[in-house]
Amino acid sequence: MLDPKIIKERPEIIKDMLKARSVDFDLDGLVESDQRRRRYIIETDELRKKKNLMAREISQKKKAKEDATSILAEMKDVSVELTRLEGRQEENEKIHASLSLAIPNLVDESVPVGPDKRSNKEIKRWGCLPCFDFKIKDHIDISENLDLVDLERAAKVAGARFYYLKNDLVRLNQSLIHYALDFLSKKGYLLIQPPYMINRKAMQGAVIADDFEEAIYKIEQEDLYMIGTSEHAMAAMHSDEIIEGRDLPLRYAGVSPCFRKEAGAHGRDQKGIFRVHQFDKIEQFAFTRPEDSWQEHEMMLGIAEEFYQQLEIPHRVMLLSTGDMGKVSAKTYDIEAWMAGQNAYREIVSCSNCLDYQSRRLKIRFRDKTNEGTQYLHTLNSTLIATSRILVSIMENFQTKDGHIRIPQALQRYMGDRKEI
RNA sequence: GCAGAGGUCGCCUAGCUCGGUAGGGCGCGGGCCUUGAGAGCCUGUGUGCGCAAGCAUACGGGGGUUCAAAUCCCUCUCUCUGCGCCA
């Protein structure tokens with residue numbers, strides 16, 4: 001949701017954003033419904049005023065034991081008229097709300113404009129790519145040989161894009177989670193394990209309408225949706241609240257499984273555990289003052305970079321272009337890790353500043369003094385680690401000639417000081 | 001799942017029996033007083049629309065009865081207490 005003031009006073013800013021994102025959106029419809037909204041508010045307010053005055057008169061007459069028959073009849077007419085007007089107002093509110101919820105976020109000036117990922121800008125690279133003096137395998141072969149994953153039975157039981165982790169890969173997965181939580185905890189983040197299902201109102205706060213169909217699983221017969229990331233549950237955590245200014249920023253480390261339909265991904269990464277319907281993720285989420293969010297954004301990215309440096313995973317940082325960015329984000333960095341088996345950098349982290357877009361949807365405000373007006377705060381989110389993809393990266397980058405997997409130094413103490421799988 | 005008690009402004013609370021402009025306290029802001037601070041006193045302190053004066057709106061959500069609902073009725077939801085079930 002965008003600031004209605006911008007819609008009213010500077011619609012050209014929104015027009016530019018829609019063009020940059022090449023999004024087809026009924027901006028005129030939004031502007032008109034917004035104008036109608038104000039008009040209806042003025043009209044109904046006036047009628048209510050009239051009604052209130054009459055109610056007072058009736059009350060006084062009754063107290064004085066006077067006859068109120070004629071004014072009673074008149075008031076009934078006013079009530080009927082008001083109900084009619086409110087009906088029309090409500091109809092317009094629905095149109096206005098659905099358009100308000102569908103419009104994407106503004107885009108920061110620093111974001112490159114372009115139609116798709118080819119316009120993304122590489123910001124930096126870290127680490128030397130691993131060299132091998134033998135023919136390397138991809139994570140599917142490695143995990144099969146070491147009996148670490150069972151994809152066939154997962155397909156039988158749940159379908160494509162599911163997996164059974166087995167043996168030491170279960171331990172490695174847990175070690176990554178444990179390590180990531182320790183890491184963020186040391187950075188001052190509050191650990192959060194959220195509900196894995198949330199209701200529509202909460203989900204709507206963090207997710208734009210299109211993504212509901214594309215990505216989110218719904219529980220039948222219930223007002224519940226499986227979270228696609230703990231971001232969804234953490235954004236909604238403080239909905240309808242007023243936060244004390246002195247408590248900001250709030251920094252949360254969310255740990256949860258993530259559930260995604262991957263509806264638009266047929267054919268891509270069809271095999272293995274790279275693109276799956278369910279994976280574990282540790283997420284950074286922050287609520288900040290508006291003036292602090294850009295600094296926070298860089299900090300979150302830096303934290304994720306440091307994490308992968310400690311894990312010795314070669315990676316590069318990409319600044320996403322308008323065409324590749326999510327609709328709720330004003331600016332997004334991705335980190336892409338080297339995957340030796342694919343001979344390519346692949347996305348492992350997405351780090352976004354959503355400005356006040358989510359907080360307006362969810363009514364999350366703050367203030368410093370209890371008598372001050374409230375302000376919408378800013379929300380930011382960044383992956384720290386989506387474990388399945390890092391399992392792929394570790395298996396492929398750390399594979400040995402004899403078909404085993406070296407364990408990165410930083411993880412060894414979480415694996416009983418073992419050095420290899 | 002069953003029964004009872006609750007949900008009122010940032011926090012606490014009155015009002016609900018018996019319908020008629022939602023009151024008080026804390027916190028916070030401003031003012032008076034004071035050398036200063038404190039105390040005391042005055043005043044402000046939700047949301048929406050409006051340039052403003054101001055008006056409207058708000059008692060967990062939705063619906064109903066009524067000229068009029070925090071108050072009466074229905075329904076949903078959450079919290080607490082007890083019972084039941086359960087990893």
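By convention in this document, chain letters (A, B, ...) are assigned in the order of the sequence lines, proteins followed by strands, and residues within each chain are numbered from 1.
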With side chain to side chain contact (heavy atoms under 4.5 Å, CB included) as the test, pick out the partner of K187(A) among M300(A), R251(A), Q284(A), E306(A).
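Checked M300(A), R251(A), Q284(A), E306(A) against K187(A); only one passes side chain to side chain contact (heavy atoms under 4.5 Å, CB included): E306(A).
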
If the [atom1] atom of [N] is compared with that of [M], how far apart are they to the nearest Å?
{"N": "U17(B)", "M": "C11(B)", "atom1": "C1'", "result": "29 Å"}
{"N": "A70(B)", "M": "G61(B)", "atom1": "P", "result": "11 Å"}
{"N": "A68(B)", "M": "G82(B)", "atom1": "C1'", "result": "40 Å"}
{"N": "U43(B)", "M": "G48(B)", "atom1": "P", "result": "27 Å"}
{"N": "A69(B)", "M": "C59(B)", "atom1": "P", "result": "11 Å"}
{"N": "A53(B)", "M": "G15(B)", "atom1": "P", "result": "35 Å"}
{"N": "C76(B)", "M": "A3(B)", "atom1": "P", "result": "12 Å"}

Pairing check on [N]: which nucleotide meets the Watson-Crick or G-U wobble criteria with it, both distances under 3.5 Å?
{"N": "A3(B)", "answer": "U81(B)"}
{"N": "C41(B)", "answer": "G31(B)"}
{"N": "G10(B)", "answer": "C26(B)"}
{"N": "G48(B)", "answer": "C55(B)"}

D138(A) side chain vs D141(A) backbone, donor-acceptor pair below 3.5 Å:
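Yes: the side chain of D138(A) pairs with the backbone of D141(A).
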
Please pick, from [options], the nucleotide with the shortest atom-to-atom distance to any side-chain atom of [X].
{"X": "R365(A)", "options": "G50(B), U47(B), G48(B)", "value": "U47(B)"}
{"X": "S79(A)", "options": "A56(B), C49(B), A68(B)", "value": "A68(B)"}
{"X": "K369(A)", "options": "C67(B), G29(B), C55(B)", "value": "G29(B)"}
{"X": "A55(A)", "options": "U21(B), C28(B), G20(B)", "value": "G20(B)"}

For the pair made of [atom1] in [X] and [atom2] in [N], what is the distance, rounded to whole Å?
{"X": "I42(A)", "N": "A53(B)", "atom1": "CD1", "atom2": "P", "answer": "16 Å"}
{"X": "Q35(A)", "N": "C49(B)", "atom1": "CD", "atom2": "P", "answer": "14 Å"}
{"X": "R367(A)", "N": "G27(B)", "atom1": "CZ", "atom2": "P", "answer": "15 Å"}
{"X": "Q89(A)", "N": "C49(B)", "atom1": "CD", "atom2": "P", "answer": "12 Å"}
{"X": "R48(A)", "N": "A58(B)", "atom1": "CZ", "atom2": "C1'", "answer": "11 Å"}
{"X": "L85(A)", "N": "C49(B)", "atom1": "CG", "atom2": "C1'", "answer": "14 Å"}
{"X": "R39(A)", "N": "C49(B)", "atom1": "CZ", "atom2": "P", "answer": "16 Å"}
{"X": "L47(A)", "N": "C49(B)", "atom1": "CG", "atom2": "P", "answer": "20 Å"}

So which one's nearest nucleotide on RNA chain B is more toward 5', K51(A) or E46(A)?
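Final value for this comparison: E46(A).
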
5′-ward residue of the pair M75(A)/L82(A) relative to RNA chain B:
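Closer to the 5' end of RNA chain B: L82(A).
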
With under 30° as parallel and over 60° as perpendicular, where do the rings of H315(A) and Y308(A) fit, or are they tilted in between?
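H315(A) vs Y308(A) ring planes: perpendicular.
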
Using 30° and 60° as the class boundaries, would you call the ring planes of H277(A) and F162(A) parallel, tilted or perpendicular?
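Judged by the thresholds at 30° and 60°, the geometry between H277(A) and F162(A) is tilted.
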
Counting any heavy atom closer than 4.0 Å, what does [X] reach on the DNA or RNA strands: base, sugar-phosphate only, or nothing?
{"X": "K8(A)", "value": "sugar-phosphate"}
{"X": "T44(A)", "value": "nothing"}
{"X": "R37(A)", "value": "sugar-phosphate"}
{"X": "I242(A)", "value": "sugar-phosphate"}
{"X": "N52(A)", "value": "sugar-phosphate"}

Which residue, R37(A), R36(A), R38(A), forms the salt bridge (charged side-chain N to carboxylate O under 4.0 Å, His left out) with E93(A)?
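That would be R37(A); it is the only one of R37(A), R36(A), R38(A) passing the salt bridge (charged side-chain N to carboxylate O under 4.0 Å, His left out) with E93(A).
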
Under the 3.5 Å rule, do the base of G10(B) and the side chain of T370(A) count as making a donor-acceptor pair?
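By the distance-only test, no, there is no pair.
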
Side-chain heavy-atom pair I394(A), L411(A) within 4.5 angstrom cut-off:
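Heavy-atom side-chain distance check passes, below 4.5 Å.
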
If you count every heavy atom of other residues, nucleotides or ligands that lies below 6.0 Å from R367(A) atom CZ, does the total exceed 12?
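Above 12, so yes.
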
